[in-house]
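Sequential numbering from 1 along the given sequence is applied to the chain's residues. These numbers were taken from a predicted model, which means no experiment stands behind them.
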Amino acid sequence: MRKRLTVWAGAMLLAGPVVAADLVPPRAQPAPPSFVPGWTFRVTPYGWLTSLNGSQVVRGRGVDVNASFIDIIESTVGEGGSLVALMLNMEARNGRLALFGDVIGEKITIERSGLRTRGPAPGVGAAVGAALDMKLQMAILEAGAAYEIGSVGPVAIDVLAGARYWYQKLDLGLDIATTVNLGDLSIGRGRAIARSGSVDWIDAFAGIRARVSLAPNHHLALRGDLGAGGSKFTWQALATYAYDFKTTNGVTYSAVIGYKALYVDYVQGSGLSRYEFDMLQHGPVLGLSVRF
């Protein structure tokens with residue numbers, strides 16, 4: 001009997017640690033990367049190879065615009081003008097919350113090959129001269145916030161909202177020989193010029209974004225938003241792929257390629273004071289992202 005008790009006690013001593021280990025709760029799994037506390041920052045200067053498709057009205061004179069990026073380069077730089085472009089995207093993230101901003105500045109020229117003269121705007125009782133060129137200065141400033149609402153496997157979903165500020169200044173050159181009613185136009189170098197002066201407005205927008213980790217160092221982002229406010233309607237769609245090619249001293253460098261489309265329909269005034277920008281800007285984007 002004593003021998004049986006000894007064997008039983010020994011077995012319990014050997015099994016005890018195993019049983020105790022089974023009762024210890026499992027260790028908590030590491031949080032997903034997006035939930036890691038503390039701020040991270042990303043700065044991405046980029047180029048947008050923009051094409052323009054839509055319509056433009058300045059002082060009641062309208063044109064249809066159909067200009068590719070190549071047309072814009074040839075009209076701006078090829079004709080002795082200067083193409084000025086500043087584009088910068090920024091984001092700060094802490095856990096589920098992200099704050100973002102985007103800056104676009106352009107100064108471009110479109111020659112008559114990319115323009116088609118339209119009839120006069122409502123309330124303009126005069127023929128419109130043939131369009132010779134369009135010179136556009138434009139800035140778009142965007143700011144907003146995004147919040148991660150969930151994830152499925154490698155896909156994280158954000159909802160986002162913000163505001164977009166537009167600033168424009170445009171000169172529309174018209175053939176003086178075919179233009180009627182020149183009283184409100186400037187005359188120079190054998191052409192009549194319809195000048196818009198400074199035009200600006202603000203739109204609010206809301207949308208959704210998907211962030212996908214395709215593989216280590218390979219990332220895909222898809223974004224769409226809708227809005228209105230100063231304009232009648234605006235929307236944006238963006239798809240980008242990023243490859244992390246170097247990490248040093250806590251800083252990650254990524255090459256970025258994608259496609260961006262931005263549409264807005266804005267109208268103010270009437271008759272000879274009417275200004276309209278009903279335009280889709282779209283094209284490839286190329287950038288370099290720095291994350292720290």
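Ion pairing between a basic and an acidic side chain is recognised when a charged N comes within 4.0 Å of a carboxylate O; R195 and D171 show such pairing. Of the charged side-chain nitrogens involved, none lies within less than 4.0 Å of a carboxylate oxygen, so that K169 and E106 do not count as a salt-bridged pair. Under a 4.0 Å N-O distance rule, the pair R112/D133 does not qualify as a salt bridge. Ionic pairing of K232 and D203 is not present here: no N-O contact between side-chain nitrogen and carboxylate oxygen is shorter than 4.0 angstrom.
Here the side chains of L52 and F69 are not in contact, with every heavy-atom distance at 4.5 Å or above. T234 places none of its side-chain heavy atoms less than 4.5 Å from the side chain of Q236. Side-chain contact between V65 and R116 is absent, with no heavy-atom pair separated by less than 4.5 Å. Counting only heavy atoms from C-beta outward, the side chains of R164 and D225 approach each other to under 4.5 Å. Between M90 and F100 there is no side-chain heavy-atom pair separated by less than 4.5 Å. Annotation: side chain of R211 is in contact with side chain of D158 (closest heavy-atom distance under 4.5 Å). Y165 has its side chain out of reach of W201: every pair of non-hydrogen atoms, C-beta onward, lies at least 4.5 Å apart. A heavy-atom distance below 4.5 Å is found between the side chains of I72 and I110.
With hydrophobic clusters built from ILVMFWY side chains whose heavy atoms lie under 4.5 angstrom apart, L226 shares a cluster with L280. Hydrophobic clustering, with ILVMFWY side chains joined whenever heavy atoms are under 4.5 angstrom apart, keeps L220 apart from V152. Linking Ile, Leu, Val, Met, Phe, Trp and Tyr residues whenever their side-chain heavy atoms come within less than 4.5 Å leaves Y263 and I108 in two separate clusters. Linking ILVMFWY side-chain heavy atoms closer than 4.5 Å, directly or via other members, places M279 and F205 in two distinct hydrophobic clusters. With hydrophobic clusters built from ILVMFWY side chains whose heavy atoms lie under 4.5 angstrom apart, V199 shares a cluster with F277.
If you take CE on M138 and CD on Q168, they are separated by 6.0 Å, rounding to the nearest 0.5 Å. Interatomic distance, S254 OG to K246 NZ, rounded to the nearest 0.5 Å: 12.5 Å. Once rounded to the nearest 0.5 Å, the distance linking OG of S68 with CD1 of I73 reads 9.5 Å. L262 CG to I140 CD1: the interatomic distance, rounded to the nearest 0.5 Å, is 5.0 Å. Rounding to the nearest 0.5 Å places CG of D200 at 10.5 Å from CG of L141. To the nearest 0.5 Å, atoms CG (D265) and CH2 (W235) are separated by 13.0 Å.
For the residue pair R291 / S289, no side-chain donor-acceptor distance below 3.5 Å is found, with atom types taken as modelled. Using modelled atom types and a 3.5 Å distance limit, the side chains of Y241 and H219 yield no donor-acceptor pair. Donor-acceptor pairing under 3.5 Å is recorded for the side chains of S198 and Y167.
Annotation for E276 and Q56: closest pair O-NE2, 2.8 Å, computed over non-hydrogen atoms. The nearest pair of heavy atoms linking R93 to A98 is NH2-CB, 3.5 Å. For the residue pair V264 and W166, the shortest heavy atom distance occurs at CG1-CH2, 3.6 Å. Counting all heavy atoms, side chain and backbone alike, Q281 lies closest to W48 at O-CZ2, 3.5 Å. Among all heavy-atom pairs drawn from Y275 and S196, the shortest one is CE1-CB, 3.5 Å. Smallest separation of non-hydrogen atoms from R96 and G150: NH1-N, 4.3 Å.
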The test is side-chain contact (heavy atoms from CB on, under 4.5 Å); show your working for L88 and V43 and say whether it passes. CA-CA 7 Å; L88 182 68; V43 179; 3.7 Å; yes
For a side-chain contact (heavy atoms from CB on, under 4.5 Å) check, start with the C-alpha distance between L174 and I193, then their side-chain angles and the critical distance, and finish with the verdict. CA-CA 6 Å; L174 303 170; I193 304 174; over 6 Å; no
What's the verdict on side-chain contact (heavy atoms from CB on, under 4.5 Å) for I104 and E142, showing C-alpha distance, side-chain angles and the deciding distance? CA-CA 9 Å; I104 297 174; E142 177 184 290; over 6 Å; no
Going through the checks in order, is the side-chain contact (heavy atoms from CB on, under 4.5 Å) test met by S55 and D278? CA-CA 5 Å; S55 61; D278 183 3; 3.5 Å; yes
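When atom types are taken as modelled, the side chain of N94 and the backbone of G38 share a donor-acceptor pair closer than 3.5 angstrom. When atom types are taken as modelled, the side chain of S75 and the backbone of E111 share a donor-acceptor pair closer than 3.5 angstrom. Between the side chain of R61 and the backbone N or O of R59 there is at least one donor-acceptor pair closer than 3.5 Å.
When the options L49, T240, D102 are evaluated for a side-chain contact (heavy atoms from CB on, under 4.5 Å) with K260, the one that passes is D102. The side-chain hydrogen bond (donor to acceptor under 3.5 Å, both in side chains) test with T252 singles out one residue from T40, T247, D244, N217, and that residue is T247.
Counting non-hydrogen atoms of neighbouring residues, nucleotides and ligands closer than 6.0 angstrom, the CD1 atom of I157 exceeds 12 such neighbours.
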